[in-house]
Engineer: 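Just passing along the structure, written as structure tokens.
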Amino acid sequence: MDFFSAQFLFFVQTLLFASVIFMHLSKKSASVIFLYQVQSLIVACLLLGSALAESAIFPLFVAVVVCAVKVVIAPHFFRRLTRELQLKFSASTYLSGPLTLIILAALTAFTYSHFFAPLSTLNASNARALLLAAAMMLAALFLIVNRKGALSQMIGILSLENAIVAFAFLSGLEQSPALELGVLFDILMWIIIATVFASMVYRQFGSLDVTAMNSLKEE
Amino acid sequence: MFTAVSAQSSFFLALLFLGLGSLGSACLWKKDAAANWWGNLCAITASVFGLLSAIRVLLGGAAFSLAADSPLGALSFSFTVDKLSAFFIFVISLIALPASIYGLGYVKHYYGRYSPGVLGFFYNLFLAGLFLVVSADNALFFLTVWEIMSLASYFLVIFEHREPDNISAGTRYFIMTHAGTACIILAFLVLYRFTGSFEFDVIRENFAAVPAYAKNIVFLLTLAGFGTKAGIIPLHIWLPSAHPAAPTHVSALMSGVMIKTGIYMFIRILIDFSPGAPLWWGIAVLLIGAASSLFGVLYALTEHDIKKLLAYHSIENIGIILLGLGSALVFWAAGAESLAMLGLIAALFHTLNHAVFKALLFLGAGSVISQTRTRNMEEYGGLIRTMPYTAALFLTGSLAISALPPFNGFASEWLTFQSLFSGFGSFGRSVAGVFALSAGALAFTGGLAAACFVKAFGATFLARPRSVEAARSRESAPSMVLGMGVLALLTLVIGIFSGVVSRVLSVVVADRPGFSTVPVPVSVPAASLSLGSGFAAMSLPLVFVSLAAVSALVAFLTYLATAGRRVKIGRTWDCGTDLTPRMEITATGFSRSLISIFRGILKPSKQTTIEYRDADSRFFPQTRSVKLEIKDVYSAYFYRPVERLTMALAAQIKKIQCGNVNAYIVYLFAALIALLVWAVI
């Protein structure tokens, strides 16, 4: 059996997409972090499988680093943040649950419309999975828009990054391992800075709800 | 020595000296006197080389070009000095030479207060920008040097940066000049879209391929972009504040030369690039010219700031130049090439003349200001006794700008009149009406300009001093008098030899595409100026000789009649009250009756304040003051509403910046979706 058959990849992409949907529905910070961990693990496994199939050392190393950064280090930082700041619930949203789901359905339908047809030509055999990856990107972006908590927004950004990696993998637009390592380093730095910054914001405002930071606006 | 140097070498030597002047002045910024001498001497040398280069090309020499590619693709360092460029280089150099001589003396009063090194740096850079603007042959290179010229002049406007008014004037100039530059960039982009090149030669060759609607867009953008620099109404609002703010010799260059770069580009684009332009282009230029000349002089009448008065007269004279250019465009559209040539000669002639007499008047005003420390004419008076040379030279400039024979202003306005009269007799009712309106505006302008300079000269030099500074004033430094003297002589020489100058200008016009085979409309029989068609003729040498003879005769007769008499000096009967300067008619008082005639346009407001000796009695006033103010109708009815609309829109747009991160991401999200949809559609 072909390990990276179109059907298998579509299944994997469905899992990734589902993880973002569940993030939208999840109310607890711990659940959102766990979903991100699962999502990152799936992405790392995809990269690992690809590296093993090609028997290439450097991509294998990249996959291991991806796993370390996204599956171990990032969730660790986020959990420590929630512990320190007592952020059990950080799932305050602008839109209600049903409305959120309606918009997600509309976004997914939009990605399967003719507007996104040019994207599916990047890799015709994975067309359905590619469009789902695009839907995942929009859903992750919508997560950032809809959530008021900074933690959820940070995880939304990282999910968007996972969606882009998945899209690149499915379309065959993977970059050189050196470049991927560079991007990973950027992500790691961003996570560290963002968590430190979130702590400082919390100390200043007593909340990670971005609507509480409106007073920063210049009058 | 100079005959050994070619036109091309002279041109590049001029640029070299300007570069040396600029860098040297910057290096000497701590040594006031050395920086002043270095900066102005380099400018003087560059002007001499500029004159040599231009004269060689104008008197039969071939045009020269130089092109060097740059690593930035479409940008190439392309120069071409054809006869039109040479004419403008001649005008720039002709004014820069006396202005720089004048600067040697004038800049001294900045010692210890402002840095002459900084002034020399920007002054030479500004001159280099002027030279390059009229010789650039590539649109991108042109825009680069246009920006150098604009920025250098901006820094010269705010040179006396401790004066808050100067900063305000500079800001206004900066905004307006860049709004104009935006229009110019758009015009070149439209041309690039249809001709595929930024090279002027390629644009010229392929202009026929530009669709009519795009040509009209280019015309409107050209009018707005270069019209802003030229100071046409209603885009002139920067000019009356910026020109007076700069050091006087820079004001002379800005008013006499810089605004003419707008005229230069009008001719390049509307005549050179687009032969056979539609009739309405010419009509539009004529109407704008008529409005600019008339309103310019009306606003000048209301001014008592001597430099602002001169700045408003620049708007008036740009209007007169546009009357010549507009008539040329109309004639060309109608296929009357010879008359079009006449209109263009008139426009170029007035370009030269205005540069000369306006520079002279600005330098004269600067001499007065350097002595009295004020620009307010109400505080002058009686300066003819303390500054006789300046008074005589200012009077010469006043006669020239008032278009009185035999000075140069008369010759070019006469040619403009002939061009307009020809149009009146050559077209149907509606177009002839525009020509009649333009001729009427020009006649009216001439009369009002004369009245304005009666006021300016009278209030400044005649009667008694109205301030302590005016009473203590001294004649200007010799270099300043020399600078003005050269220009005063030029007003007379150009006027007397206007026929010869017109012939040279006909060579410049004949060098334009489409004019090479056109019969020259002017002839010079016995040094007089005659239209080829026999429509009109005049002889300024004869006028000059007649005036000189009559003056000599009057002087001789007066001498004969009074030779045997003794001169008795006695007190004027003064009704028992001592004569004081307060009894003189002021500049405001002089213009008040004229302002009241045009109150519908000028919207004057009068505030009278009376203080009485006795609080209970109204029969014995102690003081009575009248404050006359003129409403700036352009600001009130155009710029202020535009400003209010912009601010209201900005307040609405500001709501987008709500301070919520989620909202910002929604904007990104919406933009992303919109781009996707747009890309597919």
Engineer: As an exercise, state the distance from CZ of A:Arg147 to CD1 of B:Ile665, rounded to the nearest 0.5 Å.
Structural biologist: 13.0 Å
Engineer: Restricting to pairs with a member in residues 236-245 of chain B, which pass side chain to side chain donor-acceptor pair (under 3.5 Å), not counting sequence neighbours?
Structural biologist: B:His243-B:Ser255
Engineer: Just grab all the side chain to side chain donor-acceptor pair (under 3.5 Å) pairs involving residues 123-133 of chain A, residues at least two apart or on different chains.
Structural biologist: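 Sorted pair list: A:Asn123-A:Ser125.
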Engineer: Heavy-atom distances under 4.5 Å only: say whether A:Leu107 touches chain B with side chain, backbone, both or neither.
Structural biologist: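 When you check distances to chain B, only side chain atoms of A:Leu107 fall under 4.5 Å.
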Engineer: Look at atom CE of B:Met647 and say whether more than 12 heavy atoms of other residues, nucleotides or ligands are closer to it than 6.0 Å.
Structural biologist: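 Check fails, neighbour count at 12 or below.
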Engineer: B:Leu668 versus chain A, heavy atoms under 4.5 Å apart: side chain, backbone, both or neither?
Structural biologist: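 Answer is neither: B:Leu668 stays 4.5 Å or more from chain A.
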Engineer: Within a strict 4.5 Å, meaning less than it, do heavy atoms of the B:Phe669 and A:Leu138 side chains meet?
Structural biologist: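 Yes, their side chains come closer than 4.5 Å.
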Engineer: Does the side chain of A:Phe110 come within less than 4.5 Å of B:Val677's, by heavy atoms?
Structural biologist: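 Of all side-chain heavy-atom pairs linking A:Phe110 with B:Val677, at least one is under 4.5 Å.
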Engineer: Is the count of non-hydrogen atoms from other residues, nucleotides or ligands lying under 6.0 Å from A:Phe11 atom CZ greater than 12?
Structural biologist: no
Engineer: Check whether more than 12 heavy atoms from other residues, nucleotides or ligands sit under 6.0 Å from atom CZ of B:Arg193, and answer yes or no.
Structural biologist: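 Atom CZ in B:Arg193 is not packed in, count stays at 12 or less.
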